[in-house]
Each structure stands twice: as C-alpha cells, then as structure tokens.
Amino acid sequence: MESIKELIRQHPSERVFRYPIYWTKRHLELLNCAFVVAYDKQTKPLGKEDARAAKQVRILVLWCGPSMNSAALAALFREGRISIAESEDTPQFCYASLRIDCCSCTYFHLRNAAYPPIAYVDIDKFPIIRDSSFSQPRLMPGKPDYKNTPVRNLRVKRIARVTPQDPVQDPYIISLIVAIAQTQLVQGTSPSVDIYTVRLLGTSKHDSDHIYLYTASVPLGFLGRFYHPNIAP
C-alpha cells in the first residue's frame, strides 16, 4: 500500500491533493474506501410503543438548530436507556499534523464506557459548504445588475464536478469518519489501540423517514497515512 504522497505523484494529471469537502469517488478508490449498504432484515416499522422515539426522530430530521438537534438526539438515546453528553471538542481532520478541516458535526460521549463515542451530522449542510467555498463572480463597477454568465456557468460546473450523485454516500463523510477516529486516537477514548470504531449518525430533510448510521473500524495504520503522508503503512 502506497503512501499518500506516492499516490499524488502517481496521478499528476488528477487533482488528488484537495480539501476533504472536494473529495470524489476517485479519492475513495485511491484510499481503498467504499460505502457498503447493509440493511437489518429484522427491522420493523415503528409501532405505537415507539411514538416518543418517532417524535424525537422527526425533530432531529426536520428542525433546525444545533441545540434542538442535540436535545432530540439525547432524548432519542434515552429511549434506549443510553445517556450521552455533548463534547466540547469538535473533530478536526488532520494531515501531516496540520489541522486541515474543522468538521461540521456534533460529537457525543456515551456515559457507558462500553460504547465508543458517536457523532451526528446534518447531510444537507454539505452542498451549502461546497457552494460557499467557490467564490462568486465579481460585480463590475457602475453596473450592479451585470451578470457575468460565462464565469457563473464555470462556477456551476466546478461545483457539479465535486458534488456526489447520492448525498447519502458523500465522500466527505469518509473524511468525517477519519477525523472522528483521529479524535479518538488523541483522546484515548477507544478500547482498542489498533482499531478505532466510529459511529456517525446522519439525517437529511429530503428523507425524513430515515436516520443513517455510518459505522467503520479504522485501523491505526490507515490513520498513520494521514499523519505521516510520506511513509507507506
């Protein structure tokens, strides 16, 4: 397995070295990562006994605001007799010991030490972050109504190149998983020193019937590729 710097050298015509919000399927291929969809066949529709949990799910998916989302998530876990506490630390994606991206997710510690920490993210934020990262065309002096159509069209095309077809499998989610695993490594909150178990909950207003659970077992060697990009694992 090559180091990240070696992967960059092997693909000089591709823009491999990019901020995580611009990651595409190609980056996942080079990192040997993929989304694997797994459905629990034992899952049943929510019944009357789950009315309170269903209410918290709707609040979590449809209501805006981090404080409301955090409260709804805490109430949802209480239905399963699990107590959580929001962490003051925000997972940050690090590359070569540099903080590259402050992740837009909420990080929780589960009071029961048997469970690893868990994070929550609003998937609908990703397109907003991407859109705001591309600069808008400048206005011409004295012509406030002037529209630079070619530049605007070019901006739209650039955004489209880094926008996934399926928002639920956004490559940016992989960078969040890496950042959460890096946080566990720094804080020493993982029960294992070789494997870091990451659980990330995601919601979208475009699919208010589901909460997506992303789970990953991240090896220490994989994290080392980002801390030491010149060294092959």
Side-chain angles (χ1 to χ4, degrees), residues 4 18-25 27-28 30-38 60-61 66-67 69-70 72-74 76-77 80 82-126 128-130 164 167-204 210-229 233:
I4 290 182
R18 308 202 71 178
Y19 283 100
I21 193 63
Y22 302 133
W23 282 9
T24 63
K25 281 186 177 181
H27 291 83
L28 302 192
L30 294 175
L31 291 173
N32 196 24
C33 297
F35 289 95
V36 179
V37 181
L60 185 63
V61 175
S67 60
N69 288 339
S70 298
L73 192 62
L76 185 62
F77 271 85
I82 299 175
S83 179
I84 63 174
E86 184 173 347
S87 174
E88 297 180 356
D89 299 322
T90 300
Q92 299 190 39
F93 181 88
C94 297
Y95 178 81
S97 300
L98 299 176
R99 296 177 179 178
I100 302 298
D101 182 44
C102 184
C103 302
S104 56
C105 66
T106 309
Y107 194 55
F108 295 91
H109 289 288
L110 281 69
R111 298 188 188 279
N112 188 332
Y115 297 101
I118 194 167
Y120 166 76
V121 67
D122 182 356
I123 299 174
D124 295 333
K125 287 184 178 180
F126 300 161
I128 299 175
I129 298 174
R130 284 195 188 91
V168 176
Q169 296 189 12
D170 195 316
Y172 183 57
I173 294 173
I174 299 298
S175 74
L176 295 181
I177 290 175
V178 172
I180 295 169
Q182 289 177 334
T183 301
Q184 292 185 22
L185 173 61
V186 173
Q187 296 180 344
T189 54
S190 175
S192 172
V193 296
D194 298 322
I195 299 292
Y196 294 85
T197 301
V198 175
R199 288 181 172 88
L200 174 66
L201 293 174
T203 61
S204 171
H210 296 88
I211 292 182
Y212 295 93
L213 172 62
Y214 302 90
T215 63
S217 297
V218 185
L220 179 60
F222 184 80
L223 294 180
R225 300 179 72 185
F226 295 96
Y227 284 114
H228 307 286

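Quick note: residue numbers are just sequence positions, from 1.
- Nearest heavy-atom pair, I177 versus V198, reported as atom, atom and distance to 0.1 Å: O-CG2, 3.8 Å.
- Summarising the geometry of T24 relative to P171, their closest heavy-atom pair is C-CG, 3.6 Å, with the distance given to 0.1 Å.
- In terms of heavy atoms, I123 sits closest to P167 at CG2-O, 3.5 Å.
- For R18, the CZ atom is densely surrounded, since the number of other residues' heavy atoms within 6.0 Å is greater than 12.
- Across C102 and T90, no two heavy atoms sit closer than the pair SG-CG2, 3.8 Å.
- In terms of heavy atoms, Q92 sits closest to T183 at N-OG1, 4.1 Å.
- Looking at heavy atoms from C-beta onward, R130 lies in side-chain contact with D170 at the 4.5 angstrom threshold.
- Between atom CD1 of residue I118 and atom CZ of residue F108 there is a gap of 9.0 Å, rounded to the nearest 0.5 Å.
- Under the 4.5 Å side-chain criterion, counting only non-hydrogen atoms from C-beta, D101 is in contact with Y172.
- Considering all non-hydrogen atoms of both residues, T197 and Q184 come closest at O-NE2, 2.9 Å.
- Two residues are said to be in side-chain contact when any heavy atoms from C-beta on lie closer than 4.5 Å; L176 and Y214 fail this criterion.
- Looking only at side-chain heavy atoms (C-beta outward), P164 and Q169 stay at 4.5 Å or farther from each other.
- Contact of the V178 side chain with the Y196 side chain is not registered, since no non-hydrogen atoms from C-beta on lie closer than 4.5 Å.
- For the pair R199 (side chain) and L213 (backbone), a donor-acceptor distance under 3.5 Å is absent.
- For the atom pair OH (Y95) and CZ (R225), the distance works out to 10.5 Å, reported to the nearest 0.5 Å.
- In this structure, CG in L200 is found 10.0 Å from OG1 in T106, a value given to the nearest 0.5 Å.
- Taking the six-membered ring where the residue is Trp, F226 and W23 present parallel rings, their angle staying beneath 30° rather than reaching 60°.
- Here I4 contributes atom CD1 and L30 contributes atom CG; the two are 10.0 Å apart, rounded to the nearest 0.5 Å.
- The shortest distance between side-chain heavy atoms of F35 and V168 does not fall below 4.5 Å.
- The shortest distance between side-chain heavy atoms of F222 and N32 does not fall below 4.5 Å.
- Interatomic distance, Y120 OH to C105 SG, rounded to the nearest 0.5 Å: 11.0 Å.
- If you take CG on D124 and CD1 on I129, they are separated by 11.0 Å, rounding to the nearest 0.5 Å.
- Taking 4.5 Å as the limit, some side-chain heavy atom of C94 sits within range of a side-chain heavy atom of Q182.
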